[in-house]
Amino acid sequence: MLVSGREILQAARNGGYAVGAFNLNNMEILQAIVEAAEEERSPVIIQASQGALKYAGIEYIAGLARIAAEKATVPVALNLDHGTSFSQVVQCIRHGFTAVMIDGSKLPFEENIAIVQKVVEVAHPNNVSVEAELGKIGGVEDDIVVSDREATFTDPDEAAEFAERTKCDALAIAIGTAHGLYKGEPKLDFERLREIREKTDVPLVLHGASGVPDHAIAIARQYVSKINIDTELRVAFSKAIVDHLKEHPNEIDPRRVLGPAKAAMKEVARAKMRLFGSAGKA
Ligand code: 13P
């Protein structure tokens with residue numbers, strides 16, 4: 001069933017677990033995510049990045065997601081990932097998204113607050129939840145590039161003030177994760193995470209969680225309510241296709257190429273749901 005992002009986030013916050021937010025770009029990725037959620041009896045957030053909206057078009061993304069969510073017996077929210085403007089948020093709300101992120105992290109503090117407040121004003125009456133970002137998460141996600149030099153960690157006092165003034169439903173924090181593949185093992189600032197958690201009640205979001213070791217996720221999930229995974233799905237998808245075509249070089253049926261890719265992504269998503277603690281919560 002399609003539900004508001006807030007419903008999923010609040011249940012996770014109250015229940016002391018995190019829900020996976022997985023990026024979709026096509027039907028097979030979406031089916032892999034939702035089937036994983038069904039099999040694990042887990043709530044799930046599916047989300048569309050800027051690149052996904054450009055690649056598939058908002059109508060396809062919204063249409064596919066609506067069908068998948070309506071068929072699902074577990075709660076599913078559809079989120080805009082790293083929304084870039086007020087007008088894009090409005091467009092997503094019109095197309096039935098149940099959650100939106102407005103990424104004002106590159107703006108000065110007061111301007112970030114102002115854009116989030118504006119988005120909250122249109123989103124909340126439509127039962128759409130709002131995620132904001134404070135601090136700058138490094139790495140590359142589609143067209144959004146934040147270099148190591150630009151990345152800045154979230155200040156706990158600012159996070160508390162930000163959540164209070166914006167009334168956002170979720171806050172993405174920068175504590176050392178980055179979008180994309182890591183070169184070494186990422187070092188997360190758990191002390192900062194704990195301090196943020198102590199100073200505000202708002203559900204927290206960990207971006208760039210692909211490649212973060214399980215032991216670090218096991219700590220993070222005590223404090224965050226939403227964990228974003230994209231790269232690990234991409235890797236599973238692409239590797240399965242390469243492996244299949246190596247074994248069957250004359251394969252011309254797209255279904256036989258994409259079938260194993262979907263199965264591989266589903267296993268990744270299922271493992272994450274168990275790790276995040278959301279399995280069995282739907
Ligand atoms: P990864 O690609 O590192 O998993 O990050 C996903 C993400 O944070 C989407 O916003």
Side-chain angles (χ1 to χ4, degrees), residues 5 8-9 18-25 29-30 32-33 36 44-55 61 65 77-84 88-89 92 97 99-106 129-148 150-151 153-154 168-188 193 203-214 216-217 220-221 224-239 264-265 267-273 275-276 278:
I8 289 182
L9 290 165
V19 171
F22 302 91
N23 288 76
L24 87 154
N25 290 284
I29 303 176
L30 173 64
I33 300 164
V44 71
I45 298 167
I46 45 181
Q47 54 186 15
S49 67
Q50 297 303 308
L53 294 174
K54 234 190 253 175
Y55 172 74
I61 293 283
L78 173 60
N79 182 41
L80 166 67
D81 192 20
H82 293 283
T84 50
Q88 183 177 54
V89 162
C92 286
F97 282 55
V100 290
M101 176 181 188
I102 179 74
D103 182 355
S105 62
K106 287 194 173 167
S129 59
V130 178
E131 177 179 336
E133 177 173 326
L134 189 63
K136 289 191 204 78
I137 296 156
V140 180
E141 191 188 23
D142 295 332
D143 299 345
I144 301 171
V145 180
V146 179
S147 69
D148 288 351
E150 284 176 303
F153 285 8
T154 308
C168 63
D169 305 280
L171 184 63
I173 37 111
I175 56 160
T177 57
H179 295 115
L181 294 168
Y182 290 100
K183 289 195 191 88
E185 186 176 310
K187 293 268 168 295
L188 306 197
L193 179 58
L204 302 175
V205 184
L206 188 69
H207 281 243
S210 289
V212 176
D214 288 3
I217 293 290
R221 75 159 208 214
V224 307
S225 308
K226 173 175 179 270
I227 301 183
N228 290 3
I229 296 283
D230 184 8
T231 300
E232 280 191 52
L233 290 183
R234 296 182 188 207
V235 170
F237 180 87
S238 304
K239 188 177 175 310
M265 288 184 289
E267 284 318 304
V268 170
R270 288 188 66 165
K272 296 297 179 194
M273 289 165 186
L275 177 64
F276 299 165
S278 67

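First listed ligand is number 1; within each ligand, the first listed atom is number 1. Residue numbers start at 1 and run along the sequence shown.
For atom 4 (O) of ligand 1, the nearest non-hydrogen atom of the protein is Ser210 OG, 2.5 Å. Nearest protein heavy-atom contact of atom 8 (O) of ligand 1 is Gly208 N, 2.8 Å. The protein non-hydrogen atom at the shortest distance from atom 10 (O) of ligand 1 is Asp81 OD2, 2.8 Å. From the protein, the heavy atom lying nearest to atom 2 (O) of ligand 1 is Thr231 OG1, 2.5 Å.
Ligand 1 has at least one atom lying under 4.0 Å from a heavy atom of Ala178.
Shown in contact with His207 at under 4.0 Å from a heavy atom are these atoms of ligand 1, numbered in order with element: 8 (O), 10 (O). Residue Ile229 approaches ligand 1 through these ligand atoms, each under 4.0 Å from one of its heavy atoms: 4 (O).
Distance CD1/Ile46 to CG/Asp81: 12.5 Å, rounded to 0.5 Å. A distance of 9.5 Å separates CZ of Phe22 from CD of Glu232, quoted to the nearest 0.5 Å.
When the options Val205, Leu193, Ile175, Val19 are evaluated for a side-chain contact (heavy atoms from CB on, under 4.5 Å) with Val224, the one that passes is Leu193.
Contact annotation for His82 and ligand 1: only side-chain heavy atoms (C-beta onward) come within less than 4.0 Å of the ligand. The part of Glu141 lying near ligand 1 is the side chain, judged by heavy-atom distances below 4.0 Å. Contact annotation for Ile137 and ligand 1: no heavy atom of the residue comes within less than 4.0 Å of the ligand.
For Asn23, no nitrogen or oxygen atom sits less than 3.5 Å from a nitrogen or oxygen atom of ligand 1, counting backbone and side chain alike.
Side-chain contact between Asn25 and Phe237: absent, with no pair of heavy atoms (C-beta onward) separated by less than 4.5 Å.
Taking the six-membered ring for Trp and thresholds of 30 and 60 degrees, His179 and His82 have ring planes more than 60 degrees apart, a perpendicular arrangement.
The salt bridge (Lys or Arg N to Asp or Glu O under 4.0 Å) test applied to Arg221 returns no partner, not counting sequence neighbours. For Glu141, the salt bridge (Lys or Arg N to Asp or Glu O under 4.0 Å) criterion is met by no residue, not counting sequence neighbours.
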Check against side-chain contact (heavy atoms from CB on, under 4.5 Å), Val130 and Val89: CA-CA 10 Å; Val130 178; Val89 162; over 6 Å; no
